2 protein chains.
Amino acid sequence: MTTQSQGLHTHVLDTLGLEISSGQCPPGSVLRTDELAQRFDVSRTVIREVIRVLESMHLVESRRRVGVTVRPTETWNVYDPQVIRWRLAGADRPRQLRSLTVLRSAIEPVAASLAARHATAEQCAELTERALGMVATSRGQQLEGYLEHDIAFHRIVLNASGNEMFARLGDVVAEVLAGRTHHQVMFEDPDPAAVTLHVRLAEAVREGDPEAAERITKEIAVGALHELDVLAP
Amino acid sequence: MTTQSQGLHTHVLDTLGLEISSGQCPPGSVLRTDELAQRFDVSRTVIREVIRVLESMHLVESRRRVGVTVRPTETWNVYDPQVIRWRLAGADRPRQLRSLTVLRSAIEPVAASLAARHATAEQCAELTERALGMVATSRGQQLEGYLEHDIAFHRIVLNASGNEMFARLGDVVAEVLAGRTHHQVMFEDPDPAAVTLHVRLAEAVREGDPEAAERITKEIAVGALHELDVLAP
DNA sequence: GCCTCTTGAATAAGTCGTACCTAATGGGTT
DNA sequence: AACCCATTAGGTACGACTTATTCAAGAGGC
């Protein structure tokens, strides 16, 4: 059986990763490499490589004579974009979205403040462009276009902060925004207040006003958290 | 050559990971699995498993007919504790410590604020205990003991925040604190002001005062950043 | 008789070597 | 310039062997 395009490894990894993060294989349960090889109809070689990757994400632990044990949630590398994707696709997406949004609300204001100090002219220009793009797509069911601008906007801010750790959170934010748009039921157009705030943030960064940038970003974060409270359990 | 105790895989992974993150194998350089197998005197199987793990960390990219290419720094999973450890052990430790400390300064105040709301009696008790431990070891060259209390203290705050993403940053903070103590030259006892702030933070959390907890944690962060400016280039 | 310690067989992961498949590449041909 | 083919290096498979753990049975001491 060779149905996938991108290699056996990828398919098996994705399937197992999803099963584990979604709780189908609860912590403590044991997998056997031979069984997995049979189940996926691949060689043990492939399985072992997958297990090693899952092990590096601290999702499982492999011990001789006992098998591959699923580790408790607390040890997982929850910052791994792959893990985040799996978890957002799984059962506890709401909880996941919430903790990620809280993370954003801590990071992004500081990042925006730094961006107001360090952003290049180029970054300011693209930021404004993206903000205008958000305005343009904020009405009339253009959710996908809006999402694209939104992701790009936040990515620029994080990059412009000049801090590597912030910059690398761009992928995480992208996953959160995408998850919100796609999985959360969003019939309506985005909140006009949020759109305005993005425009104002672009201005604050362009004018090099760290305090304003931080304050505005905090407002955006509050809005995002509020939105979760309204739509989720 | 079989010097390691914990498996060939671990040894090879650690060596290669370190070499890549320290810039010895600059982005764009190509590794060949056969060569690596020869070099480490292990089978290609082991090398392949290692490569797969490095690939999952986005440190390398494996393509047919071309080999294993080291990817540019921007794509690395810099939140992977393993990667952090490698980078802190490598050449650009100062830069790394700085960006991680900025990250802390964004996260920990928010975490402390949440901890003041959600901490259990148990957590408050252990927090106070650790603060006292820091006081007790703050004089007389007991750096290792101090470090242990410091790490535990911050870990409790992050855990008590109730946010999973914050909690999982405990390892990162631990690496930063350990790196600061071990690699940065710290002849002297810790800053007495910092010790006092930790005691006050424990109080603020115990008394359920989010604003105070956030403010005090910001002061701790400012101190840590200042310390870096003084000691590093 | 019950408990502890030792010993040994069973087990599943770890490692190895080889053989073969497949895709990307680069050069040579038309 | 477009096409084709040999080469190359990773991808996959299989089978044999090694080693750490575990668990249980048996020996010894209380």
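All figures in this text were calculated on a predicted structure; none of them were measured in a lab. Note on naming: letters A, B, ... go to the chains in the order of the sequence lines (proteins, then strands), and numbering restarts at 1 for each one. Every heavy atom of this structure was used, including side-chain atoms; hydrogens, water molecules and symmetry mates were not.
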In whole Å, what is the span from the CG atom of B:D34 to the P atom of D:dT7? 18 Å
If a pair satisfies ring pair (Phe, Tyr, Trp, His ring centres under 6.0 Å) and one of its residues is in residues 151-171 of chain B, list it, with sequence neighbours excluded. B:F153-B:H198, B:H154-B:H198
First of B:S43 and A:G67 reached from the 5' end of DNA chain C, by closest nucleotide: A:G67
Less than 4.5 Å apart, any side-chain heavy atom of B:L147 and any of B:H182? yes
DNA chain D-proximal residues of residues 45-57 of chain A, any heavy atom under 4.0 Å: A:T45, A:V46
Carboxylate-amine/guanidinium contact A:E227 A:R180, below 4.0 Å: yes
Rounded to the nearest 0.5 Å, how far apart are SG of A:C25 and CD of A:E19? 5.0 Å
For A:R44, which contact category applies under a 4.0 Å heavy-atom criterion: base, sugar-phosphate, or nothing? base
Length of the line joining A:E61:CD and C:dA13:P, which is rounded to integer Å: 13 Å
Not counting sequence neighbours, which residues clear side chain to side chain donor-acceptor pair (under 3.5 Å) with A:Q123? List them please. A:T120
Whole-Å distance between C:dT15 C1' and B:H11 NE2? 16 Å
Non-neighbouring partners of B:D171 that pass side chain to side chain donor-acceptor pair (under 3.5 Å), sequence neighbours left out: B:R155, B:R168
Kindly state each residue pair satisfying ring pair (Phe, Tyr, Trp, His ring centres under 6.0 Å) with at least one member in residues 73-109 of chain B, sequence neighbours excluded. A:Y79-B:Y79
Does a side-chain N-to-carboxylate-O contact under 4.0 Å join A:E164 and B:R87? yes
Restricting to nitrogen or oxygen on both sides, can you table the protein-nucleotides 18-22 of chain D pairs closer than 3.5 Å?
| from | atom 1 | to | atom 2 | distance (Å) |
| --- | --- | --- | --- | --- |
| D:dA20 | O4' | A:R64 | NH1 | 3.0 |
| D:dT22 | OP1 | A:R63 | NH2 | 2.1 |

